[in-house]
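Protein chains get the first letters and strands the later ones, always in sequence-line order, with residue 1 at the start of each.
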There are 2 protein chains.
Amino acid sequence: MRLSHYSSKNKMLVAVDCIIFGFDGSQLNLLLIQRGFEPEKGKWSLMGGFVQKEETIEDAAARVLKELTGLNDVYMEQLHAFSAIKRDPTERTISIVFSSLINIREYRRQMNDDYHAQWFPLTKLPVLIFDHKEMIGLALQKLRYKAAFHPIVFELLPEKFTLPQLQNLYELIYDQVLDKRNFSRKILSTGLLIKQKDKEKESSKRGAFYYKLDKRKYQAQFNSFLNFIPNPDNFRRP
Amino acid sequence: MRLSHYSSKNKMLVAVDCIIFGFDGSQLNLLLIQRGFEPEKGKWSLMGGFVQKEETIEDAAARVLKELTGLNDVYMEQLHAFSAIKRDPTERTISIVFSSLINIREYRRQMNDDYHAQWFPLTKLPVLIFDHKEMIGLALQKLRYKAAFHPIVFELLPEKFTLPQLQNLYELIYDQVLDKRNFSRKILSTGLLIKQKDKEKESSKRGAFYYKLDKRKYQAQFNSFLNFIPNPDNFRRP
DNA sequence: ACAAAAGTGTTTTCGGTACACCCATGC
DNA sequence: GCATGGGTGTACCGAAAACACTTTTGT
C-alpha cells in the first residue's frame, strides 16, 4: 500500500478566472484589469490567479477577486474549465472560470482606486489575453440561458429598481426589444416584486415607481421555470 | 520579463472522473469500476484518472474511459470541478467531472470482460469513494434540468425504440408518472420521430411500433426549448 | 374470454402575444 | 401645450392538462 503520494510528474498549475457582470442602469458591463505580471503584462484580462495548495477553487476565486478589485463577498458560480495545452504559453495551466452578477452601485464603495479594475460595456470590450474572450462568450451564453428561466437578473440591480430599468436589462441581455405591456404583466404575475410608494424621477418627467424584490419568494421560487423571453430559440450569439 | 515559468510551488494533481448513464430498457444505470490502486483499492468508484501534462481534460476523460472500460468515442460534457482540499486524502487533487449518456446495447460489444466495469441501477448504487456520490447527485440534477428542454434522452436509447420505452425513460429520470396520451402528442408534435413499420413484441402482446430519431431535425432543433415535464418545479432531489 | 399493454380524441384552461390609448410631469 | 416616457386592458391563439374508451393479441 502506497498511501503517501501519487506520481507527481503530472502536477500542474491550476488557475481561476473571474467574470463579473455589472449593470449601471443603461449598459451591461464586465469588470477587467490590466494584468500585473508577465507575460502579457499591461494587457486587459479577467481577474485571475493561481489556486494555492491549501485553498479550494471557490476560495481562490474569492481571494483573487478581493486582491485585484477589493470586492468582497461576491457570490460566484463555476462556469467551465479551460485546458487547452498552450492556452497560457508560459506554462501548462488549467483555468477554472467563475462568473457572477453584481450590482455596480453597491460594490462601488469597495472598489476604490487602489485597484486598476475597470468596467467595460459588453459591446466595447478591449482585446483580451489568452482565451479570455472565449470564456466571456460562454458566460454570456449561460447568462442568457439561465435568465430565461430563473429570476437571476435581480442580482444585477440595486435594491430598489423600476420596471423600465428591469426591462431595459432584459433587452440588453437578449439584444432584443420586448413589449412593455406583456413584460410588466409577466414580471408582476410572478408575485416576486413589491411596489414601493416612491418613484424614480431622474430618467423621466412622470417618474417610475420603484419595486423591491420579495426575497422570501425569490428564494422559494428560484427553481420555478419562468419564461421571460418570447422565443429563446432566437438567442443571438455573443 | 520572466517568461520561462511561474512559481511552481502550487502545482497540483488534476484528475478527471467520468459519469456514464445507461438505460437498459427498464432501469437507469450508472457505470462504475472497482478502483485498481490505493487508497480505497477495490472499492467502487467512477472511472477516473490523472490529467497528463500534454493532454486536455477532455482528452484525459476520453483516455481514462477507454482504458478502464474499453469504451470509445463517447461524447462527454463537463459537469463541474471538485476541489475540497481533503477530497482525496492521499494528496491534494482537483477533479473535473464529465458526464455522458450512452446506449447500453450499442456499447456492450466494446465492453468485454477484460474490464471490471459494471452497471448499477441508480436506485441501487454501492458505497462510493471520496466525493463520487456528490458528483453523481449533481449529474442527475443536470440531466433532469437539461432533458426538460432538450431532446437529449435519445442518447440513451437504441436506434429503434418504442414510445412506451421512451415514456418509461422520462418517468425514470423525473421519478414521476406521465399521461401517455399527452406524452405521445407532445413527443410526436416535435416531428423528431419517424414511425417504423415493425413492432417490438417482447414486452406486450399487441406490440408497440418502433420509432427512429430524425437525426437531421435533431441537430437542427436541439436548441428549441421543449417542455416535456408538466411541472419541472417538482423535481425530486436525488 | 380475459388480461395486459398499445393507441387514440375532445374539452377546458391558461399563458403568450399582438396591439393602442391615456396619464403625469417638466419644460 | 407639448414632448417624453410611464402605465394599463383586451381579444385571439396555441399549448398544456385532464380525462376514458377501443384495439390487439397471447394465453
Side-chain angles (χ1 to χ4, degrees), chain A residues 25-26 147-149 151 157 160-172 174 176-211 221 224-235, chain B residues 25-26 147-149 151 157 160-172 174 176-211 221 224-235:
Chain A
S26 69
F149 301 109
L157 291 164
K160 286 177 6 177
F161 52 87
T162 68
L163 288 188
Q165 282 167 3
L166 182 60
Q167 178 172 348
N168 179 225
L169 179 49
Y170 274 101
E171 291 181 341
L172 285 169
Y174 294 100
Q176 74 183 231
V177 178
L178 304 174
D179 181 277
K180 66 178 171 180
R181 292 159 291 188
N182 295 334
F183 181 81
S184 92
R185 186 176 335 104
K186 223 186 267 191
I187 289 284
L188 294 176
S189 77
T190 62
L192 247 43
L193 299 194
I194 304 167
K195 191 171 188 169
Q196 304 302 113
K197 294 234 148 48
D198 51 338
K199 285 183 166 185
E200 188 277 333
K201 309 212 47 155
E202 306 228 324
S203 45
S204 77
K205 293 160 185 169
R206 180 176 176 180
F209 281 106
Y210 280 118
Y211 286 81
Q221 290 184 219
S224 299
F225 286 42
L226 307 169
N227 198 357
F228 290 125
I229 304 308
N231 186 357
D233 209 12
N234 295 336
F235 285 0
Chain B
S26 67
F149 301 108
L157 291 164
K160 287 179 3 180
F161 52 86
T162 67
L163 288 187
Q165 282 166 5
L166 182 59
Q167 178 172 346
N168 179 223
L169 178 49
Y170 274 102
E171 291 181 339
L172 284 169
Y174 294 101
Q176 75 183 226
V177 178
L178 303 175
D179 180 277
K180 66 178 172 179
R181 292 159 293 189
N182 293 335
F183 181 80
S184 89
R185 186 176 332 104
K186 222 187 268 192
I187 289 284
L188 295 175
S189 77
T190 63
L192 247 44
L193 299 194
I194 304 167
K195 190 171 186 168
Q196 305 301 113
K197 294 235 150 48
D198 51 339
K199 285 184 166 185
E200 189 277 332
K201 308 212 47 156
E202 306 226 326
S203 45
S204 76
K205 293 160 185 171
R206 182 176 176 179
F209 280 106
Y210 280 118
Y211 286 82
Q221 291 183 220
S224 300
F225 285 42
L226 308 169
N227 198 357
F228 289 125
I229 304 309
N231 186 357
D233 206 12
N234 295 337
F235 284 1

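- A:K195 contributes atom NZ, which lies 8.0 Å from atom CG of A:L188 (distance to the nearest 0.5 angstrom).
- Between C:dA5 and B:K201, no contact under 4.0 Å exists linking OP1 or OP2 to a side-chain N or O.
- In this structure, B:L166 atom CG and C:dA6 atom C1' are separated by 15 Å, rounded to whole Å.
- B:Y174 contributes a side-chain N or O that, together with a main-chain N or O of B:A148, makes up a donor-acceptor pair within less than 3.5 Å.
- Shown here are the side-chain hydrogen bond (donor to acceptor under 3.5 Å, both in side chains) partners of A:Q196, two or more places apart in sequence or in another chain: there are none.
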Nucleotides 4-7 of chain D: which of its N/O atoms have a protein N/O under 3.5 Å away?
unit_1	atom_1	unit_2	atom_2	d
D:dG5	N2	A:R206	NH1	3.4
D:dG6	O3'	A:G207	O	3.4
D:dG6	N7	A:K180	NZ	3.1
D:dG6	N2	A:R206	NH1	3.0
D:dG6	N3	A:R206	NH1	2.5
D:dG7	OP1	A:F209	N	2.8
D:dG7	N7	A:K180	NZ	3.0
D:dG7	O6	A:K180	NZ	2.8

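- With sequence neighbours left out, the side chain to side chain contact (heavy atoms under 4.5 Å, CB included) criterion links A:L157 to A:F23, A:F154, A:F161, A:L166, A:L169.
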If you restrict it to nitrogen or oxygen atoms, what contacts under 3.5 Å exist between nucleotides 10-15 of chain D and the protein, and what is each distance?
unit_1	atom_1	unit_2	atom_2	d
D:dT10	O4	A:R185	NH2	2.9

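- Judged as a salt bridge (charged side-chain N to carboxylate O under 4.0 Å, His left out), not a single pair has a partner in residues 161-170 of chain A (not counting sequence neighbours).
- The CD atom of A:Q167 sits 14 Å away from the C1' atom of D:dT8 (whole-angstrom rounding).
- With sequence neighbours excluded, the residues that form a salt bridge (Lys or Arg N to Asp or Glu O under 4.0 Å) with A:R181 are A:D179.
- Annotation: salt bridge (Lys or Arg N to Asp or Glu O under 4.0 Å) contacts of A:K160 (sequence neighbours excluded): A:D198.
- When rounded to the nearest whole Å, the span between CD1 of A:I187 and P of C:dT17 equals 13 Å.
- For the side-chain hydrogen bond (donor to acceptor under 3.5 Å, both in side chains) test, residues two or more places apart in sequence or in another chain that qualify with A:Q167 are A:E171.
- Atom CD in B:Q176 sits roughly 11 Å away from atom P in D:dA18 (whole-Å rounding).
- Rounded to whole Å, the distance from CD on A:E202 to C1' on C:dT25 is 15 Å.
- The CG-P distance, from B:N168 to C:dG7, rounds to 14 Å in whole Å.
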Show me the donor-acceptor pairs within less than 3.5 Å that the side chains of residues 202-211 of chain B make with the rest of the protein, sequence neighbours left out.
unit_1	atom_1	unit_2	atom_2	d
B:S203	OG	B:E200	OE1	2.8
B:S203	OG	B:E200	OE2	3.4
B:S204	OG	B:G207	N	2.9

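- Regarding A:D179, its CG atom lies at a distance of 13 Å from the C1' atom of C:dC21, rounded to whole Å.
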